[in-house]
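By convention in this document, chain letters (A, B, ...) are assigned in the order of the sequence lines, proteins followed by strands, and residues within each chain are numbered from 1. Computation of the quantities below employed the complete heavy-atom set of this structure, encompassing side-chain atoms and omitting hydrogens, waters and symmetry-equivalent molecules. Just so it is clear, the structure is predicted and the values come from calculations on it, not from any experiment.
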Number of protein chains: 2
Amino acid sequence: MREDSTKNRIIEAAGPIFAEVGYENGTVRDICSAANVNVASIKYYFGDKKNLYLETVLYARQSRAERYPFPGWSEETPAEERLYDFVSSLLRRLTALQGAPWQVNLLMRELMKPNEACRLIVQEYFQPMFRGLLVLIDQLVEGPLKEEDRLKIGFSIIGQCLHYRYGTAVMDLMVPADMRDSFEIEQLADHITKFTMRGLASFSQQEVPTQNESE
Amino acid sequence: MREDSTKNRIIEAAGPIFAEVGYENGTVRDICSAANVNVASIKYYFGDKKNLYLETVLYARQSRAERYPFPGWSEETPAEERLYDFVSSLLRRLTALQGAPWQVNLLMRELMKPNEACRLIVQEYFQPMFRGLLVLIDQLVEGPLKEEDRLKIGFSIIGQCLHYRYGTAVMDLMVPADMRDSFEIEQLADHITKFTMRGLASFSQQEVPTQNESE
DNA sequence: AATTCTATTAAACGAACGTTTGAATGGTAG
DNA sequence: CTACCATTCAAACGTTCGTTTAATAGAATT
């Protein structure tokens with residue numbers, strides 16, 4: 001799979017192009033030109049452009065999952081440290097503020113299309129991460145959580161992280177150039193961790209509702 | 001401007017189309033068909049398609065700023081209530097979880113393009129909101145804040161909100177259907193407000209660095 | 001050696017797109 | 001009535017796109 005076959009060369013050429021300009025703006029001629037293959041190779045190896053795109057997204061997902069695995073903690077790792085590791089890993093995956101590899105850009109592009117078939121693929125990419133986060137949240141909060149609160153807390157955490165990818169326009173506008181040093185991944189992870197640890201405190205002594213008093 | 005002129009009819013037809021399928025997938029023929037005008041009208045009124053798109057984005061920005069203005073508070077409004085109002089207004093602007101008017105979708109689409117000229121327009125749309133949020137943060141935190149922390153806190157807040165728009169794929173996947181009732185705007189705003197109020201506590205008794213010990 | 005399969009190529013096809021043309025329409029002013 | 005102007009229209013233009021064809025060369029197989 002890591003070989004220099006023609007099929008792989010096409011995918012590796014298509015990836016950055018699709019990631020940068022999107023599916024409809026990435027022409028097969030550009031891709032084939034970048035891969036040094038004939039345009040007919042698309043039909044020969046992938047059937048059509050749509051399927052080339054699909055295989056490219058699959059390839060991106062797989063290559064991405066192999067890098068930056070979420071850390072495996074030892075038993076006595078403090079919960080706050082785990083949260084920091086999680087946040088910084090996620091930020092690193094998104095490589096906030098700087099050029100991300102095309103795999104990330106492509107997956108992010110897919111994540112925001114509401115009605116595509118590729119969505120399931122992206123969900124496979126995010127769901128395990130999110131489930132891991134939910135487990136982590138349980139460890140951070142003393143006492144049981146309402147399921148909806150677990151989810152909302154999870155969304156609060158990954159929302160803070162993802163914003164450094166989605167909101168680049170806002171970021172670039174609001175953060176002066178001489179302050180970029182304070183927005184490196186370590187410092188962002190530090191902020192989000194502290195902010196979140198405090199935010200979680202609201203739920204630590206929360207009453208868990210009995211089964212009778214449902215809203 | 002609110003008249004039923006041909007030009008306006010074209011923009012109002014182009015808006016939902018561009019918002020749903022994007023610039024390159026929205027054809028002038030579809031737009032003109034929806035507006036019941038001839039295709040040549042595009043050139044006649046807008047010059048070309050690119051300019052039609054630009055005017056449509058401008059129109060969306062203007063119509064959107066008029067609705068859902070951020071609330072003006074009285075002097076004695078508690079800071080936490082102001083935060084709740086801000087968050088719920090923002091969420092309402094984004095109309096999380098349900099179909100948003102095309103103006104929002106179009107502006108969101110623009111917000112994520114990193115290299116477009118339209119970006120300045122979107123920044124005009126978001127910058128005042130963000131500046132207002134920074135002022136609010138100052139009121140919520142006792143004592144002075146480092147500028148970078150003000151920004152990070154601001155990003156934490158709008159990150160939590162925007163995620164309910166960007167991350168619809170994750171949301172739809174993780175939130176079971178019978179739990180959607182707990183994800184209405186009021187409850188989301190409630191969660192984010194509480195979560196944020198706690199998170200802000202980390203900064204309330206913070207030491208403000210003297211001018212000498214810069215970074 | 002003859003045949004078959006795999007891979008690649010130049011060239012063209014048909015469709016869809018943004019754009020443009022040139023005429024027709026209808027109201028208004030001279 | 002005539003001339004003028006803004007507006008609308010059907011039709012076509014030129015380009016680009018994804019796709020397909022038919023031919024070719026080499027390797028593998030019989």
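- Side-chain contact check for B/E55 and B/Y45: no donor-acceptor pair (N or O, by modelled atom type) lies under 3.5 Å.
- Rounded to whole Å, atom P of D/dC9 lies 10 Å from atom CD1 of B/I10.
- Between B/N38 and D/dA10, a side-chain N or O to OP1/OP2 separation shorter than 4.0 Å is present.
- What separates CG of A/D30 from P of D/dT19 is a distance of 15 Å, to the nearest Å.
- One atom, NZ of A/K7, and another, P of C/dT6, lie 14 Å apart when rounded to the nearest Å.
- With the nearest nucleotide of DNA chain D identified for both B/S41 and A/G26, B/S41 has the one nearer the 5' end.
- Residues B/C32 and B/I10 form no side-chain contact, since every pair of their non-hydrogen atoms from C-beta on lies 4.5 Å or further apart.
- Listed nucleotides: C/dA7, C/dT19, C/dT20. Nearest to the side chain of A/Y45: C/dA7.
- A/T6 has a side-chain polar atom (N or O) that falls below the 4.0 Å cut-off from OP1 or OP2 of C/dT8.
- Between B/H163 and A/F155, the ring planes lie tilted relative to each other; the angle falls in the 30° to 60° range.
- When the nucleotides C/dT8, C/dT20, D/dT8 are ranked by their closest atom to the side chain of B/V39, C/dT20 comes out on top.
- Remark: P of D/dC17 and NZ of A/K50 are 17 Å apart, rounded to the nearest angstrom.
- Counting heavy atoms from C-beta outward, B/M174 and A/F126 have side chains that stay 4.5 Å or more apart.
- Looking only at atom types and distance, the side chain of A/T193 has no donor-acceptor partner in the side chain of A/T196 under 3.5 Å away.
- Within the 4.0 angstrom heavy-atom criterion, no nucleotide atom of any strand lies near A/F46.
- Dashed line: the shortest gap from a side-chain N or O of A/K43 to OP1 or OP2 of D/dT19 is not under 4.0 Å.
- Taking atom CD1 of B/I31 as the reference point, atom C1' of C/dT19 lies 14 Å away to the nearest angstrom.
- Separating the CG atom of A/L52 from the C1' atom of D/dC17 is a distance of 15 Å, rounded to the nearest angstrom.
- Rounded to whole angstrom, the span from the CD atom of B/E24 across to the P atom of D/dG18 amounts to 13 Å.
- In this entry the distance linking OH of B/Y53 with C1' of C/dC17 reads 18 Å, nearest Å.
- Comparing A/R29 and A/Y44 along DNA chain C, the residue whose closest nucleotide (by nearest heavy atom) sits nearer the 5' end is A/Y44.
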